[in-house]
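Inspection log for the structure reproduced underneath, given as structure tokens.
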There are 2 protein chains.
Amino acid sequence: MSQTTSSPYDEPMPHSAPLDRTATISDVARLAGVSVPTVSRVLTGAARVSEDRRRRVDKAIAALGYRPSAAAQVLASGRSTTIAILAANTSRYGYAEAIRGVEESARAAGFAVIIVVVESERDDEVRAAADAVLRQSVAGVVVLKFDPPGVAALKALQSAIPAVALSGVPEAGVPQAVLDESEAAAALTEHLLSLGHSTVHHVRIPPSGKEDGRTTGWRLALQRHGIPTPPIEDVSWDVSTAHEIGVRLASDPAVTAIFCGNDETAMGVIRGIHDTGLNVPDDISVVGFDDHPLAPMFIPALTTARQDFAELGRHGTAQLLALLKGESPLALETVEPPLVFRESTALPSSRRR
Amino acid sequence: MSQTTSSPYDEPMPHSAPLDRTATISDVARLAGVSVPTVSRVLTGAARVSEDRRRRVDKAIAALGYRPSAAAQVLASGRSTTIAILAANTSRYGYAEAIRGVEESARAAGFAVIIVVVESERDDEVRAAADAVLRQSVAGVVVLKFDPPGVAALKALQSAIPAVALSGVPEAGVPQAVLDESEAAAALTEHLLSLGHSTVHHVRIPPSGKEDGRTTGWRLALQRHGIPTPPIEDVSWDVSTAHEIGVRLASDPAVTAIFCGNDETAMGVIRGIHDTGLNVPDDISVVGFDDHPLAPMFIPALTTARQDFAELGRHGTAQLLALLKGESPLALETVEPPLVFRESTALPSSRRR
DNA sequence: AAGGCTCCTGAAAGCGCTTTCAGTGGCCTT
DNA sequence: AAGGCCACTGAAAGCGCTTTCAGGAGCCTT
């Protein structure tokens, strides 16, 4: 068996999954009393068909419950009406929202979407993902370049196919939609500083490579104020690691303000602080990022920066669709997330330091 | 233009999306010095090929970076290695997790997955979704029967294609994977009752039709104790509606215990109660459902019932794959979610009632 | 009346594969 | 030595569509 393909059915498929025989274009043609190309023409609108025949075809289509086969169409025309979403994850907040946005606009434009996930940046996995995308004859792909697997997968595609990236860090030369995170991160950090905190600690979520915009913004803001950057705390996507870090940071009296990579992490950190008997924001201020739907419900409600991932997905898809039509890529529109101030930040406590 | 099809490209596609010309099977055959069928045979493993030729073919495949076209394969073989996920939503917790589970097992089995969402139960939308699934020549479909659109879409498929449903309520005769929610809901309600609460109010999330297992379980538990069911409060998926209801319920001194349809709703309700100056669980006990990742981080941490939606998705996919192989559907395994007791429930307050 | 258009139509080819089907050669049996 | 089998292979057909391409019909022009 070749390496590039292996049947999902283990045996020579005695029990494979034969597609139900449904009406084909020639059934329609026969019933309507026209030729196959004529049916094709009313289907695709590629050429004019007389009113009379068109009506007969439409009737036959309805009568047979005919649906053109996407596979046959792509094969014959060399054009596809399917796009792929390439992502490292499908269920985490930002990812799921971005996917929702992509799906929505794809559907609105008449495109089907296949989703392929690449869990790690391991070479074979990345290649498998790229293969999967390429094998499916999709018109284009939107890749969630939020993390190393995403970055690797995009690279593996080698522009063998129209692709646009969804990202948090602007980058030149690549078709992409970006939510500029660094400015908002900087603003959030400044907010904490302006409250009187002498420094801001950072709990970093898994980055997309070198450094993501959130961390960069934080670093920049501290730099602007000539404040040395405290050591970064890293969390995994598992919120319990954030909890542990919250406990640990609470034990350090130098910590009065914390900037977390996202809201879930902020909640974990706050809960950790809470479990040591300290209070947020009285003892320690904490900010998150994203404005997760639960951020306003948390007690204390989170100060954070709103990210519209679904909109990012829609932008990216629009970008891709434009690219497919041969239009010049839309202007690189970087949206700066608005800050939302709630309850998790306050003046530094006199009890600490 | 026909109703069943409309090109996503508005014009006669001068600027359409031509697929990049890549190596085809005959390129491989030529380079390897064998016939096309031979290449096909090494690809699919459908018949034996001499060691010598197989090696030459593999080499040619690698040299050309050849990838078989899924569209051509499905067309020629009448068999598909793609499954569809049909869902009303892709980003809400339970949905996203279920989708993740489906995608994981599909990928493990070598299947690609396309995702089609049906937002409402409106007839045209449901039909469009069913059409989309059917047009794609997928081997089968997993439908998230969590809500009315899901139910309607499943019906619209009319078993024109192998399908399994993911659901919270067991139902006979349909291939499905179910997470039996009613027992856990009843147990949660009993828990509240056993704490001494004289009744339990229910905040219901959008149901899947008649009544979902969560509401049923709650109703059953009250019935068992001969307690009349208080009026149900309905929330939308928007957490702010839960917040409003929390505020409202807090103003009713008869309310000392609340069973919420899911954890997000519970958090909204708790926050609403909190905003009226009351405390959970001292004044009012609240339970959620799902054991959302943030449930243990919330303050107070939520008492809830754990739902493994990803596992549900995996089960459903296994079910579908078995069905495709012609095997008898796996035993209907209904998993009863384990309860997890945390901080949001307590004895009834003497200050109320 | 002849030529030239414009419209509309069907025949035929072909997209990239898989799947009969008919060999071909080698190796065993009798 | 003849017959049978088996393992392997390529020619050809065909999956359900789209896309030339070559007409035929009708209508204007000259």
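The shown structure was predicted, so the numbers you read here are calculated from the model rather than taken from an experiment. Numbered from 1 within each chain, the chains take letters A, B, ... in sequence-line order.
Side-chain N/O atoms of A:Arg53 include one lying less than 4.0 angstrom from OP1 or OP2 on C:dG10. At C:dC17, none of the side-chain N or O atoms of B:Gln73 fall inside 4.0 Å of OP1 or OP2 (strictly under the cut-off). For A:Ser77, no side-chain nitrogen or oxygen approaches OP1 or OP2 of D:dT18 to under 4.0 Å. The shortest distance between the side-chain N/O atoms of A:Ser35 and the OP1/OP2 oxygens of C:dG10 is below 4.0 Å. The phosphate of C:dG10 has OP1 or OP2 within less than 4.0 Å of a side-chain N or O from A:Thr38.
Side-chain proximity of A:Ser69 to D:dC17, C:dC17, C:dT9: nearest is D:dC17. Distances from the side chain of A:Ala76 to the nucleotides D:dT9, D:dG16, C:dT9 place D:dG16 closest. Closest contact between the side chain of B:Leu75 and the listed nucleotides D:dG16, D:dC8, D:dT18 involves D:dG16. Comparing C:dT9, D:dG16, C:dC17 by their closest approach to the side chain of B:Thr24 singles out C:dC17. Checked against C:dG16, C:dT18, D:dC17, the side chain of A:Pro68 finds its nearest nucleotide in D:dC17. You'll find that the side chain of B:Thr44 is closest to C:dT18, out of C:dT18, C:dG16, D:dT18.
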Show, in sequence, the C-alpha distance, side-chain angles and deciding distance for B:Arg55 and B:Asp58, and conclude whether the salt bridge (Lys or Arg N to Asp or Glu O under 4.0 Å) test is met. CA-CA 5 Å; B:Arg55 232 193 316 271; B:Asp58 280 338; over 6 Å; no
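Mapping B:Asp52 and A:Ala72 onto DNA chain D by nearest heavy atom places B:Asp52 closer to the 5' end of the strand.
Taking atom CZ of residue A:Arg41 and atom P of nucleotide D:dC17, one finds them 15 Å apart after rounding to whole Å. Look at CD1 on B:Ile61: it is 13 Å from C1' on C:dC17, rounded to the nearest Å. In this structure, CZ of A:Arg56 is placed 12 Å from C1' of C:dT9, rounded to the nearest angstrom. The distance between atom CZ of A:Arg48 and atom P of C:dC8, rounded to the nearest whole Å, is 5 Å.
Evaluation of atom-type donor-acceptor distances gives no pair under 3.5 Å for the side chain of B:Arg67 against the base of C:dG16.
Contact annotation: the side chain of B:Val102 never approaches that of B:Val113 to less than 4.5 Å [non-hydrogen atoms, C-beta and beyond]. Considering only heavy atoms from C-beta on, B:Leu144 comes within 4.5 Å of B:Ile99 through its side chain.
Salt bridge status for B:Arg30 with B:Asp27: present, with a side-chain N to carboxylate O gap under 4.0 Å.
Among the heavy atoms of the strands lying under 4.0 Å from A:Val49 are primed sugar atoms or P, OP1, OP2 only; no base atom is included.
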